[in-house]
Amino acid sequence: MIAQSTLKLLRDRFRAAIGRIGGDPDADPGVRVATEARFGDFQCNAAMALARKLGLKPPEAAQRIVAAVAPELAEVVEPLEIANPGFINIRLRTSYLARCLESIEPPAAGAEDRLGLPKVAQPERVIVDYSSPNIAKQMHVGHLRSTIIGDAFVRVLGFQGHDVLRQNHIGDWGTAIGMVILGLWYIAARLQRGERPAEIEKRIAELHALRGKPDETRQPVLERIAAEWSLDLENQALDDFADADIQLEQLELGYIFVQALVAAIGPLVIRVKRDDLIAVPQKVTRMLQQGGPENELERRAWRRAREISVAYCQSLYDRLGVLLKPEDFRGESAYNDDLPRVITDLRLTLKPRDRSRPAADAYGELRIDQGATCVYLYDAKHQPRFKNPDGQELPMIVQKSDGAYLYATTDLAAIRYRLMECVFPAGKGATRIVYVTDARQKQHFEMFLAAARALGWLTPRVNVQHATFGSVLGEDKRPLKTRAGKNVKLAELLDEAESRALRTLDEKLDQETGPQRGPLDEAQRREIARRIGVGAVKYSDLVRDRNSDYVFSFDAMLAMEGNTAPYMLYAYARIRSIYRKVEARLGKLDPYGPDVRISLDRPEERTLALRLVRFADTLDIVAADLAPHVLCSYLFDLAGEFMRFFEACPVLQAESDSLRLSRMRLCDLTARTLRVGLGLLGIEPVERM
RNA sequence: GCGCCCGUAGCUCAGUAGGACAGAGCAGCGGAUUUCUAAUCCGCUGGUCGGGGGUUCGAAUCCCUCCGGGCGCGCCA
């Protein structure tokens, strides 16, 4: 079998050769993809460093490397060339490229197409923590990025053969949960009274309008609303609401109402029955968290709110083609019972240190400050790792002065579970954890990961990566919002992308109804447009470096030119149409037949073949750096090189039958690579467009 | 104030375990089609890699400094 990662093969050989002639056998052998095609396919830059070490001139060092490595690579590369000052230019033998591609078997029916790539020898147990919406809220663009990027990681790491566990750490507990429950009751009661959502929206607007108004203005309005609500709570059995059949949009409306109401109260005292209204949400939160039969109503309402939210999220995941499933939802509530133990562990482990001598490593200390339980983090020189704007050391608070826990506590409980308890098919405990959140949470992650290390839970053997990403901005360069200043709803965003894609598709199809395209009926068009629209939204999220902010633009993501989903899908569809055409004219041919040889005589054929062979190297980079945009760039290059091949090298009209089969094989290998590659990005291909 | 991210062609962005005259797409200009899908391909134009120092045989990439932008910084998540 031919080694599929050519870069790895070259690296190993050069490293060994450099070791044999007196260089560092563990050092980077400096093998890179060539900076320019005229320098070959790869290059080795190790001679300059080696020359210094051995007291040689760089060209001499290069000579020695070449002499040492050449015999082992005779089958793989053309004679190595040395260029000034000491670059070694590496050009793969065309016969080697052809053999690599010939070794890729046709895809087995029903099985995953692996393009001949082996799975990793040592699978990691990876947790990818992504998406993580809050309950009772519609998903918006912020969640979109985490969801799409995280899903690409899951797919790529899974494809490589790692053991991947998806975790959707949803916000289903926390201090705001009382408002969610109250919101559920409120909306259920009002709907039962026959009120329409529009009326509730009006009431919310009324509340918002009270902001900044004098107390005398606010008081009567608030009293009136509170009185109506009290009546609901008295006259209607809360039982009836516990299983309310409402949609997430309505639940969210109720929640927003409660938020608006509380915000409008300010220093006023508004009573609902015997309670001061402003304290009711916290009271409900406490009742839920205490549990027990007397708080069963709160429990049921919480469970119902969660069900509604999970069902809503799942429908969006299904629409997006995201792998997350209900069993992957393991939110904050799952760790509630572990939180006291986290505090205990912190208390027992993070003892005060002797500062007169350096510490062995970074460490943490647990202290109570103003009633809050705090973890202070220090480096080995006893310097605080984090500071507040006043220059004082900044702790991570794990328990508030009122006894409540915070997300840092939950995150610690979650990582403990993931490292020690969570079960993979191949064993217990993750060896790699990937968190996919926006970049603003970076400091929080540094803090709680430092605490996890200080606790001894997180050891250097575990690879933890915080895959951050930038914000989605509107045309005004501010975080994307609607005209009304609301978050853009994900569902509406997808609707828009799909309908724009459909409009373009219809235009094209009406313009030219060639036999390759048509005939496509309404349902087929819609399905193609759906794939283009969803694909465009996903691709535009993946195509640039995660960390950069970007301006959301339908026009840019749906452009037919450039590094976009439509261009990729077009390239794929065009290749597929060759098959239909060849079969229509010549009957069924088997480009994978035993006598078929891949011919790479034309430069366009060779360039395409080289790109195909680089797929494995690309995936290694994507997986190691968690950089989906590297895969996008690869696929874009592949598509471009295929188009060039396609322009220059006739398939149907090839000079000979064997050349036709060779080119059909190249076409199919390209199509498969595009399909697999796009699939790893979570994008479904189209057979025609 | 401290910390993190960013500044590359008119626009949008690649390129950082240092490597050869800095790449692509879009836009602009000029070509290619009795089509294997022109949602394509080819060519041209276009850059003080934010400024300045330093390390190095070699710096967009590493270090220092300054300028400009974004984000974060104690009981929210």
Side-chain angles (χ1 to χ4, degrees), chain A residues 27-28 30 32 34-36 38-39 43 45 48-49 51-52 58 83-87 89 132 134 171 174-176 332 369-374 385-402 404 406-408 410-411 437-444 446-447 468 470-471 473 477 504-505 507-508 511-512 514-517 532 543-545 547-551 553 556 558-564 566-567 569-571 573-582 585 629-630 632-633 636-637 640 643-644 646-654 663 667 688-689:
Chain A
D28 173 19
R32 307 274 186 276
T35 52
E36 278 185 60
R38 68 192 171 94
F39 298 136
Q43 63 187 47
N45 305 330
M48 279 73 85
R52 184 197 307 272
N84 281 326
F87 297 107
N89 292 333
S132 307
N134 292 322
T175 48
E332 295 172 348
D369 190 76
Q370 298 163 45
T373 307
C374 300
R385 300 265 308 271
F386 305 96
K387 292 184 177 176
N388 70 15
D390 299 329
Q392 297 159 325
E393 49 188 334
L394 176 74
M396 181 177 80
I397 299 179
V398 289
Q399 189 167 21
K400 303 203 298 190
S401 46
D402 68 1
L406 293 104
Y407 73 141
T410 310
D411 279 338
T437 82
D438 72 278
R440 288 175 304 193
Q441 297 189 43
K442 194 163 179 174
Q443 182 176 271
H444 161 67
E446 283 170 6
M447 287 180 123
T468 55
S471 308
L473 309 177
K477 303 285 172 79
T504 310
L505 184 64
E507 267 170 36
K508 287 286 167 191
Q511 235 170 57
E512 25 171 332
Q516 304 85 358
R517 293 189 194 275
I532 295 172
V543 74
R544 74 208 80 227
D545 183 280
N547 278 311
S548 51
D549 296 345
Y550 81 98
V551 175
S553 159
L558 287 163
M560 309 155 202
E561 300 89 24
N563 195 355
T564 66
Y567 176 83
L569 294 174
Y570 171 74
R574 198 166 170 187
I575 302 172
R576 301 296 297 157
S577 92
I578 295 169
Y579 266 72
R580 291 192 294 274
K581 182 149 275 188
V582 170
R585 300 250 179 105
H629 78 279
V630 171
C632 293
S633 293
F636 180 62
D637 289 340
M643 291 294 186
R644 259 156 263 156
F646 187 74
E647 300 276 336
C649 304
V651 178
L652 196 56
Q653 311 285 341
R663 287 182 178 163
C667 286
R688 46 185 95 194
M689 67 185 276

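No experiment lies behind these values; they were computed from the predicted model shown. All values below come from the heavy atoms of this structure, side chains included, with hydrogens, waters and symmetry mates left out. Chain A is the first sequence line, chain B the second, and so forth, proteins listed ahead of strands; every chain is numbered from 1.
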* To do: Could you state the atom-to-atom distance from OH of A:Y570 to C1' of B:rA39 in whole Å?
  => 6 Å
* To do: Give the rounded distance in Å between these two atoms: CG of A:N134 and P of B:rA77.
  => 10 Å
* Quick one: label A:A648 by what it contacts on the DNA or RNA (base, sugar-phosphate, nothing), any heavy atom closer than 4.0 Å. => nothing
* Distance, rounded to the nearest Å, where A:E393 contributes CD and B:rG74 contributes P -> 14 Å
* To do: Could you encode protein contacts along nucleotides 4-20 of chain B as a string, one character per nucleotide from 5' to 3', using B for base contact, S for sugar-phosphate-only contact and - for no contact, with a heavy-atom cut-off of under 4.0 Å?
  => S--------SSS-B-BB
* With side chains defined as the heavy atoms from C-beta onward, is the minimum distance between A:S401 and A:Q370 less than 4.5 Å? -> no
* Apply ring pair (Phe, Tyr, Trp, His ring centres under 6.0 Å) to A:H629 and list each qualifying residue two or more places apart in sequence or on a separate chain. => none
* To do: Give one of base, sugar-phosphate or nothing for A:E647, where a contact means two heavy atoms less than 4.0 Å apart.
  => base
* Asked: Considering residues at least two apart in sequence or located in another chain, which fulfil the ring pair (Phe, Tyr, Trp, His ring centres under 6.0 Å) criterion with A:F636?
  -> A:Y567
* Asked: Between A:L473 (CG) and B:rG69 (C1'), how many Å, whole number?
  -> 12 Å
* Report the residues that fulfil side chain to side chain contact (heavy atoms under 4.5 Å, CB included) with A:A654, sequence neighbours left out, ordered by chain and then residue number. => A:L659, A:R660, A:R663
* Can you name the side-chain hydrogen bond (donor to acceptor under 3.5 Å, both in side chains) partners of A:Q653, sequence neighbours left out? -> none
* Could you measure between the two P atoms, the one in B:rG1 and the one in B:rG18, and give it in whole Å? => 33 Å
* Quick one: label A:C649 by what it contacts on the DNA or RNA (base, sugar-phosphate, nothing), any heavy atom closer than 4.0 Å. => base
* Residues A:M560, A:T504; criterion side chain to side chain contact (heavy atoms under 4.5 Å, CB included); working and verdict -> CA-CA 10 Å; A:M560 309 155 202; A:T504 310; 3.2 Å; yes
* To do: Could you check how far CD1 of A:I397 sits from P of B:rC76, rounded to whole Å?
  => 8 Å
* Structure fact -> Between A:L406 and A:D390, whichever has its closest RNA chain B nucleotide further toward 5' is A:D390
* To do: Pick base, sugar-phosphate or nothing for A:A439, based on heavy-atom distances below 4.0 Å to the nucleic acid.
  => nothing
* Can a cation-pi geometry be assigned to A:R574 and A:F646, taking NZ or CZ under 6.0 Å from the six-membered ring centre and within 45° of the ring axis? -> no
* Can you measure from CG (A:L652) to NZ (A:K581) and round to the nearest 0.5 angstrom? => 7.5 Å
* Which whole-number value in Å describes the distance from A:R688 CZ to B:rA39 C1'? -> 16 Å
* **For RNA chain B, the dot-bracket pattern of Watson-Crick and G-U pairs whose distances stay under 3.5 Å, | for other-strand partners** => (((((((..((((.....[...)))).(((((.......))))).....(((((..]....))))))))))))....
* To do: Taking atom P in both B:rA27 and B:rC62, compute the distance separating them and give it to the nearest angstrom.
  => 33 Å
* Does the side chain to side chain contact (heavy atoms under 4.5 Å, CB included) test come out yes or no for A:N45 and A:F87, once each step is laid out? -> CA-CA 5 Å; A:N45 305 330; A:F87 297 107; 3.3 Å; yes
* Structure fact -> A:R574 atom CZ is separated from B:rA39 atom C1', nearest whole Å, by 9 Å
* Which distance, rounded to the nearest 0.5 Å, do you find between the CG of A:N547 and the OG of A:S471? -> 10.5 Å
* Trace of the side chain to side chain contact (heavy atoms under 4.5 Å, CB included) decision for A:L394 with A:M447 -> CA-CA 10 Å; A:L394 176 74; A:M447 287 180 123; 3.9 Å; yes
* Asked: Do any side-chain nitrogens or oxygens of A:T175 fall under 4.0 Å of OP1 or OP2 in B:rC76?
  -> no
* Would you mind reading off the distance between A:D637 atom CG and B:rA24 atom C1', rounded to a whole angstrom? => 8 Å
* For nucleotides B:rG31 and B:rG50, find the distance between their C1' atoms and express it as a whole number of Å. => 38 Å
* P spacing across the pair B:rU56 / B:rC63, given as an integer number of angstrom -> 16 Å
* Asked: Which value, in whole Å, describes the distance between the C1' atoms of nucleotides B:rU61 and B:rG74?
  -> 38 Å
* To do: Looking at every strand, decide which applies to A:Q653 at a 4.0 Å heavy-atom threshold: base, sugar-phosphate, or nothing.
  => nothing
* Structure fact -> 5'-most contact on RNA chain B (nearest-nucleotide basis), A:V651 vs A:Q443, goes to A:V651
